[in-house]
Amino acid sequence: MATTKKTAKKKAVEVVETPVEVVEAKRPELEVEAKRKILFVASEAAPFIATGGLAEVVGSLSKALAQKERYDVRVILPLYQDVRKEYRKEFRFIGNIFVPLSWRNQYCGIFEYVKDNVTFYFVDNEYYFKRPGCYGYYDDGERFAFFCRSVLEILGFIGFYPDILHCHDWQAALAALYLKTIYCFRPEYQFIRAVFTIHNIEYQGKYSLDILEDLFGISYRFRNLVEYDRCINLMKGAIECCERFSTVSPTYAGEIKDPYYAHGLDPIIRRNEFKLTGILNGIDPEYYDPATDKALFANYSAEDLAPKAVCKEELQRMLNLPVKPDTPIVAMISRLVSHKGLDLVREVIEQALRQDMQFILLGTGDSIYENYFSDLARRYPGKVVSIISFNADLSRKIYSGADIFLMPSKSEPCGLSQMIASRYGTVAIVRETGGLRDSITPYGAGGNGFTFHDYNAYDMLYVIGEALATYRNKAEWTALVKKAMTTDFSWGNSASHYEKLYEDTLK
Ligand code: GLC
């Protein structure tokens with residue numbers, strides 16, 4: 001600057017002799033600049049910490065986007081005590097800051113780890129996150145408020161101002177709210193656009209309005225953004241203030257406009273419909289590959305199906321079921337909660353069990369279902385096995401060893417299990433809702449599985465019968481298994497839809 005000024009002064013008195021030399025910016029810097037910067041804000045991500053589908057999607061979608069040259073993809077997560085040790089020991093400490101949250105001023109350590117071209121940041125504060133698991137604490141509101149506020153403070157610390165701040169579910173909703181109420185008035189933040197994704201509309205982050213300023217640090221002047229039904233509703237707040245929002249399947253995007261599916265938020269969804277998109281989730285085909293999965297008793301592929309029989313035989317042996325290669329195994333792997341369609345199963349499973357089949361259930365959840373399925377197994381020894389636990393290794397053995405996968409959800413934003421089962425050659429039976437409808441198409445119409453439309457136990461029983469009958473025709477069944485296995489559930493297509501969503505948002 002000083003030199004320029006001097007030159008300018010000189011020029012004022014002297015006659016201009018030599019033109020000022022313009023130095024071009026260096027090309028590599030330009031290329032880096034040209035990349036779209038995307039920051040995911042989420043409460044979990046595989047493989048570091050996972051309690052459900054959200055983690056898988058954050059982990060695999062960020063990886064899929066980062067494979068595209070034009071994106072610089074980063075993810076920010078809380079550093080829970082349960083973040084997997086094998087990764088944690090590789091994290092690099094990059095510094096610490098203090099984060100304001102209303103009258104609080106909290107320590108925030110920042111760790112960094114790069115995996116598959118994605119930079120992950122972890123927010124460290126032992127008071128908030130050194131506890132088992134991710135959720136279910138009396139102060140979850142404060143914990144995620146601190147996390148979201150940290151996200152915005154960290155941007156300044158690392159000097160990374162994304163084009164898109166992509167927030168997932170209610171735990172990240174406050175990042176969008178803070179951006180639009182506090183930070184967007186600062187020059188570096190003013191061009192950041194917020195995208196919000198609903199993975200499940202059931203969990204909205206509802207709190208008493210009394211704590212808006214004292215706990216969340218949001219001025220009452222912004223109260224209309226977050227207030228809904230006389231409460232703070234963080235999901236509603238994010239929907240109101242983001243530039244675009246999405247959900248995890250096109251069908252669910254339509255369904256959440258309807259009170260049957262929206263858990264009270266349908267008026268808000270309808271009002272903001274103009275910025276809503278539904279994009280079907282994918283799965284990571286490398287992570288879920290029956291040809292390489294080490295958890296399986298044997299590896300196989302659509303071209304070499306024979307070893308799938310070994311998976312079935314060993315599974316039956318392991319679970320003390322009669323080893324019968326020709327008896328179809330119907331499996332469910334699910335959280336045992338009502339919207340997974342367990343009431344339908346309860347109503348007709350005993351009728352289904354009159355046919356030649358074995359039934360395996362793996363999952364934990366509400367005690368009413370845990371007790372019911374434990375009792376069912378006691379009453380049908382050698383035919384029903386219920387394993388009341390969450391066991392990733394066993395789930396893969398079941399995905400590969402079973403023949404039919406039952407997922408009759410009452411509502412299902414996307415669902416990944418039906419895709420994983422299909423990829424492992426276990427044919428899905430689903431209710432036509434949300435992502436189940438968008439990923440599984442009816443066999444009768446040339447599709448990759450079996451479906452029923454109404455939430456009705458006897459419709460489901462009928463379709464189970466149809467699947468069991470098809471199973472008995474070996475040639476037909478093998479063709480269907482191959483069809484399920486070769487359906488493209490990868491991120492390819494869906495990642496392009498996210499690209500389009502980002503570009504539209506930035507227009
Ligand atoms: C939630 C939804 C599930 C979806 C997952 C990932 O867990 O309930 O349907 O697949 O999020 O988006």
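Just so you know, these numbers come straight off a predicted model, no measurement behind them. Atoms within each ligand, like the ligands themselves, are counted from 1 in listed order.
- Scanning all protein heavy atoms for the shortest distance to atom 9 (O) of ligand 1 gives E412 OE2, 2.7 Å.
- The closest non-hydrogen atom to atom 11 (O) of ligand 1, taken over K340, H199, H339, comes from H199.
- Results of the side-chain contact (heavy atoms from CB on, under 4.5 Å) test with F450 over L480, T441, I404 single out L480 as the only residue that passes.
- Residue G415 has at least one heavy-atom neighbour below 4.0 Å for each of these atoms of ligand 1: 3 (C), 4 (C), 9 (O), 10 (O).
- Less than 4.0 angstrom separates some heavy atom of N281 from each of these atoms of ligand 1: 6 (C), 10 (O), 12 (O).
- Looking at ligand 1, you won't find any N or O of V248 less than 3.5 Å from one of its N or O atoms.
- For the pair V57 and ligand 1, the shortest N or O to N or O distance does not fall below 3.5 Å.
- No side-chain N or O of T433 forms a donor-acceptor pair with one of E412 less than 3.5 Å apart.
- Salt-bridge formation is not detected for the pair R193/D163: no Lys NZ or Arg NE/NH1/NH2 atom is positioned less than 4.0 Å from an Asp or Glu carboxylate oxygen.
- Of the protein's heavy atoms, G53 N, 4.1 Å lies nearest to atom 7 (O) of ligand 1.
- Defined by atom type and a distance below 3.5 Å, a donor-acceptor pair is missing between the side-chain atoms of H497 and T277.
- Judged by the 6.0 Å and 45° rule, R149 forms a cation-pi pair with Y178.
- Protein heavy atom at the shortest distance from atom 8 (O) of ligand 1 is N200 ND2, 3.4 Å.
- Both tests hold for R131 against Y137: distance to the six-membered ring centre under 6.0 Å, angle to the ring axis within 45°.
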